[in-house]
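Since the model is a prediction, treat every value here as computed from it, not as a measurement.
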Amino acid sequence: MVSLRFNAGNVRDEKVHEIGILALGSHLENHGPALPIDTDAKIASYIAFNASLLSGAKYLGVVYPSYELDEIDHGEHNSIEEVVNEILYLIKSAKKYLHLKKVIIVNGHGGNIPVFEYLYDIETNADVDIILNNKLIETEGPHGGSGELSMGKILGIVKDSQVKNQGNLDQYGEIGLHAFTKARENDPGIENGAKDIEENGVYMDEVYGEQLLSLAINSVLLDIEKLLDY
C-alpha cells in the first residue's frame, strides 16, 4: 500500500487528518424574505469548510435532517432520532473510509441543541471523540435577525431588494420567532430575542457579519487544537 504524506501541504499538524468537521443546520425553514430557507445549513457549512481549509482537517459535508420544537412551526423538520441517526451514519462512514478518530460538529440551527443529550451515545456507537460546537448559535442573535442577515450578505445569499422588508414582523412572524407565543412563554432566550427584534428591528452590517463568521471559525479552530492535544 502506498505511503501517504500526512505532513504534505498546509496542515496544522499531520494528526489533523484524524479530525473531521461536520456541518449541522436546517434546510427547510423560513428566514424572512431576504434570506433563503437553507440559511442555517449554508452558514454552518461555510464555517466548517473554512475551518477545514485553515487547519487541514477533513470537511465531512452537512447533515440533511434537523430538529425543532413542536411549538415553532416555521418550516419542515424531523424527529430528534432521525437527526441523531443521520449524524451517527455519517460519522461511521467517515471513520471507515477516512480513518477518523475525532469529529467536530458545527451547529448552525438552535433547534438542534437537544442533540447535545445524545452525544455520549453517538461517541460510544461510532467510537470517536466528538465536540459539538455551538458558538454560532451563542453569538448570532435572533432567528432571521441582524446577525444572520449580516453573515448572509458575506456569503452572497441575501436578496438585497428584500432587506428593507426583513423586519416586517406582521408579514414574517418567524423573524426573531416573534409570532410563536408558546415558545416565547416557555423559553426566556426566545422571548429576549423576539423583544430585541421588536425594539431594535433588523439591520445588515457586513463588518458585523465578518466578525461573527470569524468568531465562529476561530472557535472551531480552537476545538481542533484541543483535539490535537487530547
Side-chain angles (χ1 to χ4, degrees), residues 1-25 40-64 66-67 80 83-141 147 151 154-155 189 208-230:
M1 182 178 293
V2 66
S3 178
L4 293 170
R5 300 183 185 91
F6 286 99
N7 62 351
N10 185 21
V11 295
R12 165 68 180 81
D13 183 304
E14 66 179 49
K15 292 191 298 181
V16 81
H17 292 290
E18 299 176 347
I19 301 174
I21 310 176
L22 181 64
L24 174 64
D40 293 352
K42 284 178 173 169
I43 293 177
S45 295
Y46 178 92
I47 292 164
F49 184 61
N50 276 276
S52 171
L53 293 179
L54 291 168
S55 65
K58 297 287 185 289
Y59 174 62
L60 305 183
V62 61
V63 179
Y64 295 156
S66 62
Y67 180 71
I80 190 66
V83 178
V84 170
N85 287 338
E86 185 69 10
I87 292 172
L88 181 58
Y89 168 77
L90 291 171
I91 291 177
K92 280 187 171 181
S93 181
K95 180 184 178 184
K96 176 181 178 180
Y97 292 109
L98 305 179
H99 312 301
L100 297 183
K101 296 180 180 179
K102 304 166 185 179
V103 173
I104 298 168
I105 301 173
V106 178
N107 182 33
H109 170 57
N112 289 324
I113 289 176
V115 170
F116 271 109
E117 300 172 18
Y118 296 83
L119 276 189
Y120 177 77
D121 292 336
I122 298 172
E123 284 184 316
T124 302
N125 279 285
D127 192 25
V128 297
D129 296 317
I130 299 175
I131 292 177
L132 180 53
N133 185 294
N134 211 43
K135 177 60 71 173
L136 183 59
I137 302 305
E138 296 168 357
T139 57
E140 71 179 0
M151 287 187 289
I154 302 302
L155 271 61
Y208 180 41
E210 288 278 14
Q211 290 173 338
L212 287 174
L213 290 169
S214 294
L215 181 64
I217 292 168
N218 285 332
S219 177
V220 177
L221 294 176
L222 179 59
D223 284 340
I224 291 171
E225 292 295 330
K226 292 176 183 176
L227 291 177
L228 286 172
D229 292 337
Y230 178 70

**Student:** Any side-chain heavy atom of Met151 within less than 4.5 Å of one from Leu136?
**Tutor:** yes
**Student:** Determine the minimum heavy-atom distance between Leu212 and Gly147, stating which atoms define it.
**Tutor:** CD1-CA, 3.6 Å
**Student:** Atom CD of Glu14 and atom CG of Leu228: how far apart are they, to the nearest 0.5 Å?
**Tutor:** 11.0 Å
**Student:** Between Ile47 and Ile43, does a side-chain contact (heavy atoms from CB on, under 4.5 Å) hold up when you go through it step by step?
**Tutor:** CA-CA 6 Å; Ile47 292 164; Ile43 293 177; 4.0 Å; yes
**Student:** In sequence, state the C-alpha distance, the side-chain angles, and the governing distance for Asp121 and Val84, and then conclude on side-chain contact (heavy atoms from CB on, under 4.5 Å).
**Tutor:** CA-CA 9 Å; Asp121 292 336; Val84 170; over 6 Å; no
**Student:** Just by distance, do the side chain of His109 and the backbone of Tyr67 share a donor-acceptor pair under 3.5 Å?
**Tutor:** yes
**Student:** More than 12 heavy atoms of other residues, nucleotides or ligands under 6.0 Å from OH of Tyr208: is that the case?
**Tutor:** yes
**Student:** Could you tell me if the side chain of Leu24 sits less than 4.5 Å from the side chain of Val83, heavy atoms only?
**Tutor:** yes
**Student:** Is the closest side-chain heavy-atom distance between Asn50 and Leu213 below 4.5 Å?
**Tutor:** no
**Student:** Just wondering, more than 12 heavy atoms not from Tyr89 lying within 6.0 Å of its OH?
**Tutor:** no
**Student:** Salt bridge (Lys or Arg N to Asp or Glu O under 4.0 Å) with Lys95: which residues, sequence neighbours excluded?
**Tutor:** Asp127
**Student:** If every non-hydrogen atom of Val11 is compared with every non-hydrogen atom of Gly56, which pair is closest and at what distance?
**Tutor:** CG1-CA, 3.9 Å
**Student:** For atom OH of Tyr59, decide whether the heavy atoms of other residues, nucleotides or ligands shown that lie under 6.0 angstrom number more than 12.
**Tutor:** yes
**Student:** Does CG in Asn10 sit with more than 12 non-hydrogen atoms of other residues, nucleotides or ligands closer than 6.0 Å?
**Tutor:** no
**Student:** Which distance, rounded to the nearest 0.5 Å, do you find between the OG of Ser45 and the CG of Leu155?
**Tutor:** 9.5 Å
**Student:** Would you give the length of the straight line joining atom CG of Leu60 to atom OH of Tyr97, rounded to the nearest 0.5 angstrom?
**Tutor:** 14.0 Å
**Student:** So Ile130 and Ile91, do their side chains get closer than 4.5 Å, heavy atoms only?
**Tutor:** yes
**Student:** List the atom of Ala51, the atom of Val220, and the distance in Å for their closest heavy-atom pair.
**Tutor:** CB-CG1, 3.5 Å
**Student:** Report yes if the side chains of Ile224 and Ile21 come closer than 4.5 Å at any heavy-atom pair, otherwise no.
**Tutor:** yes
**Student:** Heavy atoms, side chains only, cut-off 4.5 Å: are Ile122 and Ile87 in contact?
**Tutor:** yes
**Student:** Look at the side chain of Lys102 and the backbone N and O of Ile19, then say whether any donor-acceptor pair between them is shorter than 3.5 Å.
**Tutor:** no
**Student:** Looking at every heavy atom in both Gly108 and Ile137, which two are closest together, and how far apart are they?
**Tutor:** C-CD1, 3.4 Å
**Student:** What distance separates Asn218 CG from Asp223 CG, expressed to the nearest 0.5 Å?
**Tutor:** 11.0 Å
**Student:** Check Leu227 against Ile104 and note the closest heavy-atom contact, atom names and distance.
**Tutor:** CD1-CG1, 3.7 Å
**Student:** Could you state the interatomic distance from CD (Glu123) to CG (Leu132), rounded to the nearest 0.5 Å?
**Tutor:** 10.5 Å
**Student:** Test side-chain contact (heavy atoms from CB on, under 4.5 Å) on Lys15 and Lys101; report intermediate values, then the result.
**Tutor:** CA-CA 10 Å; Lys15 292 191 298 181; Lys101 296 180 180 179; over 6 Å; no
**Student:** Rounded at 0.5 Å granularity, tell me how far CD1 in Ile154 sits from OH in Tyr46.
**Tutor:** 7.5 Å
**Student:** Within the 4.5 Å heavy-atom criterion, are Lys58 and His17 side-chain neighbours or not?
**Tutor:** yes
**Student:** Could you walk me through whether Lys226 and Leu222 pass side-chain contact (heavy atoms from CB on, under 4.5 Å), step by step?
**Tutor:** CA-CA 6 Å; Lys226 292 176 183 176; Leu222 179 59; 4.0 Å; yes
**Student:** For residues Lys135 and Ala216, report the shortest heavy-atom separation together with the two atoms involved.
**Tutor:** CG-CA, 4.1 Å
